[in-house]
Amino acid sequence: MFHEQAGLVIDAIAKNSAYGAFVSQIQIARPPQLKAGDLSLALFRMAKELAMTPPALAQEIADNTVFPDCVESVSVAGPYLNIFFKRPAFAQALLKAVQDKNYGTTDEGKGQKVLIEHTSINPNASPHIGRARNAIIGDSVSRLMRFLNYQVEVHYYVNDMGKQIAMLVLACRDKPDVVFHEILDIYVEANKRLEEDPAFEQEVFGLLKKFEEGDQTVRNDFRRIADICVAGQKGILNGINIDYDVFDYESDFLRNEELEEKLAVLEKSGTVFLDEDKRLVLDLQKLGFSREEGRYSVLKRGNGSTMYGYRDFAYHMYKLAIATGKENNIVVLGEDHKLYFEQLSLVLEAFGYTPPSAIHYSFIRLSEGKMSTRKGSVVLLEDFLEEAHQRVKEKIKTNTSDLSETELDELAHIIAVGAVRFGVIKVKPNSNIVFDWDQALSFEGDTGPYIQYSYVRAQSILRAAGAYVAPLDGLTCAISDEAWELLLSLSLFDDVLLRAKKTINPAMIAQYMIEIAQKFNKFYHSVHILSNEDQNVVALGLGLCQATGRVIENGMMLLGIQLPEKM
RNA sequence: GCGCCCGUAGCUCAACUGGAUAGAGCACCUGCCUUCUAAGCAGGAUGUUGCAGGUUCGAGCCCUGCCGGGCGCACCA
């Protein structure tokens, strides 16, 4: 909404024929301080086009432009032309706009199909918080794009035939009743054995070969383990409001005629060749890869079994048939896959496809070092969530006593999930995160519970106001700075969403939620709404509670976080 | 060794992609609950944006070189 108002101002400036198309060079921003203005137009570039100094241009525009009705006054501050809006009119427009349940949405994605692949954890163990970062980012991006009216399909790629699952199959042979929570220990054990016992590794490779040859018993064994793991992982992720539309199984991309044909073409140019050990090798330098390191990639082992990359090429061809175009095909990958993804992209381009966009996230580290499954130094998502749940429960008990045990658990769950998801998503994907229990489980300041609490406050006021409907049209009172700052921020919601989409960075939404909550709380403390004798102040206050509620509802929904009515 | 990412207040992170005096939270100090929820608010203190150059009207952001951390570099996925 803010940018619509800015657009009106720029349109008015463009009416002067001397400026013409140069107005597109105006940079829109917010002034550093409220007293400087509401909208700031930086004129550096436009002045350059007109061979003027920016301050002179600012003064000239200020003198010669008939500004639209929404403008109260303008002021020149060096190279900036600052605009003050008419507060009551702006407030009315915003409070009207938030009546729409979908406030913040745009037609950005109309008619476009998007495929997002995320999580795709190896089926071996309960996800730790580092892996959950993938799922939390991917889910938030999916929600954002859905909200912007893209037709989104979320895929989870199950690596049901890698080396690690073959190890598990061997290790679970004499355990017909194995359950999900035992898998982690078994996996750690199997890894140890792999290092010590070369025969075990040969057994693993042999099993993979049988799998590829279609041995039905082996296939059933693999599927049994994979299903236990996938069901276990899915259950945990569902617990933090993450879900998927389609589960793709790697083993379905084992034989692919189309891929074989494309590889045959590459073989003619020497891009793909059989080496002295009969391995099928890809030479990426032939596709424009410039470095020596990472130049080669093995597609098939000497015994003819395929490697991950081979199957992944086939998988990406399948995904590209569902959604095309870089922006509409998204995959969330750890930073360890950066080089691999570069290689994958080169191959897909050589095949004539546009490769997907990748969001690479950095690993979450512990203060004592990196997480290691083998050392047992991992923070499992379920343990983290459980700890959060307990701490939230304690906190609730000190505040209220009139909740049943069930209600208590439901409320604690909503707040705990909010704390966990918000803590992960508020940091942009490529920033390193150092995980610290106390910091991660704080409920004060820049946290999910703080946003939830602010929402609850707003709802509480609306509840107390009952059926009172704020008369939006006759808003004549002076609008305080606290109310005005909140209004301006609320009006930027759609712009934040578009920027978050453009940069595929949902952290931006979380940062914006913090801004909204802070400004709402400042406003809340600046005036007592319900007891105010001025009905205009009551009307504006209730309108702002409603608007804040709407923006937090929509914003937190995009982050997969629910909102309690009380807390 | 080579490549990519990160380095911002004591700690954890922002900074609208090159714009005005670099901002929040935690921790620390001082105030504010007989008034719509104190998981809150107000105020205080905290910086050579890792270091050194360069590009320009203007650099935390771009370029070069160092330093520190992370990730990766052909039968793991």
Side-chain angles (χ1 to χ4, degrees), chain A residues 27-33 36 40 42 44 47-48 53-54 77-80 82 120 122 159 161-165 205 250 275 277-284 290-303 305-309 311-312 334-340 342 360 362-363 365 370 392 395-396 399-400 415 423 426-428 430-434 436 438-440 442-447 449-454 456-458 460-465 492 495-496 499 502-503 507-508 511-512 514-515 517-518 521-522 524-526 528-531 541 545 566-567:
Chain A
Q27 296 152 275
I28 297 172
R30 295 282 314 279
Q33 283 163 352
S40 166
F44 302 98
K48 196 172 186 179
T53 65
Y80 299 94
N82 290 331
S120 301
N122 283 339
N159 303 122
M161 55 163 304
K163 192 175 169 182
Q164 86 290 3
I165 195 150
F205 285 149
E250 188 173 340
D275 74 356
D277 298 322
K278 295 203 169 168
R279 302 179 303 179
L280 189 69
V281 179
L282 178 67
D283 180 0
L284 289 150
S290 57
R291 280 161 269 139
E292 189 58 31
E293 299 78 15
R295 171 180 173 181
Y296 297 106
S297 172
V298 174
L299 300 180
K300 289 182 182 174
R301 297 185 178 91
N303 71 1
S305 64
T306 56
M307 301 271 295
Y308 176 80
R311 294 164 235 141
D312 205 32
E335 62 176 338
D336 54 337
H337 281 63
K338 275 181 188 170
L339 175 60
Y340 168 73
E342 205 184 322
H360 293 287
S362 296
F363 293 143
R365 294 167 49 76
K370 65 171 163 182
V392 169
K395 176 84 180 165
I396 299 171
N399 291 357
T400 52
I415 297 171
K426 77 174 176 189
V427 179
K428 59 180 184 281
N430 58 355
S431 286
N432 298 313
I433 293 184
V434 177
D436 174 78
D438 287 326
Q439 191 219 328
S442 161
F443 309 136
E444 292 167 14
D446 295 349
T447 65
Y450 171 63
I451 315 289
Q452 289 170 323
Y453 179 75
S454 308
V456 164
R457 267 187 159 166
S460 182
I461 294 173
L462 292 172
R463 218 180 298 125
L492 284 161
D495 182 50
V496 168
R499 264 172 41 223
K502 198 173 169 193
T503 53
M508 218 171 258
Q511 295 294 338
Y512 175 74
I514 294 169
E515 177 187 331
Q518 282 174 338
N521 281 313
K522 277 179 189 172
Y524 175 92
H525 281 282
S526 72
H528 197 277
I529 298 168
L530 292 177
S531 66
C545 286
K566 294 179 183 176
M567 66 187 280

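Here is the naming used below: chain letters follow the sequence lines, and residue numbers restart at 1 for every chain. Small disclaimer: the values here were computed from a predicted structure and weren't measured.
- Within 4.0 Å of A:Ile415, counting heavy atoms only, lies at least one base atom of the nucleic acid.
- Going from the P atom of B:A38 to that of B:U34 covers 11 Å, rounded to whole Å.
- The separation of B:G10 from B:G43, taken at their P atoms, amounts to 22 Å, rounded to a whole angstrom.
- Here the separation of B:C6 from B:G50, taken at their P atoms, is 12 Å to the nearest Å.
- Ring geometry, A:Phe44 versus A:Tyr80: the interplanar angle exceeds 60°, so the pair is classed perpendicular (tilted spans 30 to 60°).
- Base orientation at B:C33 is syn, since its O4'-C1' glycosidic dihedral falls within 90° of 0.
- B:A20 sits 14 Å from B:G58 when the P atoms are compared, rounded to a whole Å.
- When atom types are taken as modelled, the side chain of A:Asn303 and the backbone of A:Ser305 share a donor-acceptor pair closer than 3.5 angstrom.
- With a cut-off of 3.5 Å on both pairing distances, the Watson-Crick or G-U wobble partner of B:C62 is B:G54.
- Heavy atoms of A:Asp312 sit nowhere under 4.0 angstrom from any nucleic acid atom.
- To the nearest whole angstrom, the two P atoms, one in B:A27 and one in B:G23, are 22 Å apart.
- Contact annotation for A:Lys522: backbone-only contact, meaning every heavy-atom pair under 4.0 Å involves sugar-phosphate atoms and none involves a base.
- Chain A approaches RNA chain B within less than 4.0 angstrom (heavy atoms of the protein), and the contacting nucleotides run 5' to 3' from B:G1 to B:A77.
- Pair check for B:A27 finds none; no Watson-Crick or G-U wobble contact set falls under 3.5 Å.
- Residue A:Met508 is classed as having no contact, given no heavy-atom separation below 4.0 Å to the nucleic acid.
- Inter-residue side-chain proximity for A:Gln518 and A:Tyr450 is flagged as met; some heavy-atom pair is nearer than 4.5 Å.
- A side-chain contact (heavy atoms from CB on, under 4.5 Å) with A:Met567 holds for exactly one of A:Val392, A:Ile415, A:Ile396, A:Asn399; it is A:Ile415.
- Among the atoms of the strands shown, only primed sugar atoms or phosphate atoms (P, OP1, OP2) are found under 4.0 Å from some heavy atom of A:Glu250.
- At a threshold of 4.0 angstrom between heavy atoms, the contacts of A:Val427 are confined to the sugar-phosphate backbone, with no base atom among them.
- Atom P of B:A45 sits at a distance of 15 Å from the matching atom of B:G25, rounded to the whole Å.
- Residue-level contact check: A:Ser531 touches neither bases nor backbone, having no heavy atom under 4.0 Å from any strand.
- Using a 4.0 Å heavy-atom cutoff across all strands shown, A:Val496 reaches no nucleic acid atom at all.
- Among the protein residues, A:Thr447 comes within range of no part of the nucleic acid, since none of its heavy atoms lies under 4.0 Å from any strand.
- Of the nucleotides present, B:C32 is the one that pairs with B:G40 by Watson-Crick or G-U wobble criteria, both distances under 3.5 Å.
- Base pairing of B:G68: its partner is B:C6, meeting the Watson-Crick or G-U wobble criterion (both donor-acceptor distances under 3.5 Å).
- Two residues, A:Pro31 and A:Glu335, neighbour RNA chain B, and the one matched to the more 5' nucleotide by heavy-atom proximity is A:Pro31.
- Taking atom C1' on both nucleotides, B:C61 is separated from B:U17 by 8 Å, rounded to a whole Å.
- A:Leu284 places none of its side-chain heavy atoms less than 4.5 Å from the side chain of A:Arg291.
- A glycosidic torsion no more than 90° from 0 defines the syn conformation; B:U64 lies beyond that range and is anti.
- Using a 4.5 Å heavy-atom cutoff, the side chains of A:Ile451 and A:Ile514 are in contact.
- Residues A:Lys428 and A:Thr503 form no side-chain contact, since every pair of their non-hydrogen atoms from C-beta on lies 4.5 Å or further apart.
- With 3.5 Å as the limit, one finds no donor-acceptor pair spanning the side chains of A:Arg311 and A:Asn159.
- Nucleic acid contact class of A:Pro79 (heavy atoms, under 4.0 Å, all strands): none.
- Nucleotides B:C57 and B:C4 place their C1' atoms 34 Å apart, quoted to the nearest Å.
- A:Asp275 pairs with exactly one of A:Leu280, A:Val298, A:Val281 by the side-chain contact (heavy atoms from CB on, under 4.5 Å) rule, that one being A:Val281.
- Taking A:Asp283 as the reference, A:Lys286, A:Arg295 meet the salt bridge (Lys or Arg N to Asp or Glu O under 4.0 Å) condition, with sequence neighbours excluded.
- A 3.5 Å limit on both hydrogen-bonding distances identifies no Watson-Crick or G-U partner for B:U46.
- Across all strands, A:Tyr450 comes closer than 4.0 Å only to sugar-phosphate atoms, never to a base (heavy-atom distances).
- Partner assigned to B:U21 is none, using Watson-Crick or G-U wobble distances below 3.5 angstrom.
- Along RNA chain B, the nucleotide closest to A:Ser431 and the one closest to A:Ser297 are compared, and the more 5′ of them pairs with A:Ser431.
- Using a 4.0 Å heavy-atom distance criterion, A:Arg365 is classed as a sugar-phosphate-only contact.
- Residue contacts for A:Lys48: at a heavy-atom cut-off of 4.0 Å it reaches no nucleic acid atom on any strand shown.
- Using a 4.0 Å heavy-atom distance criterion, A:Arg279 is classed as a base contact.
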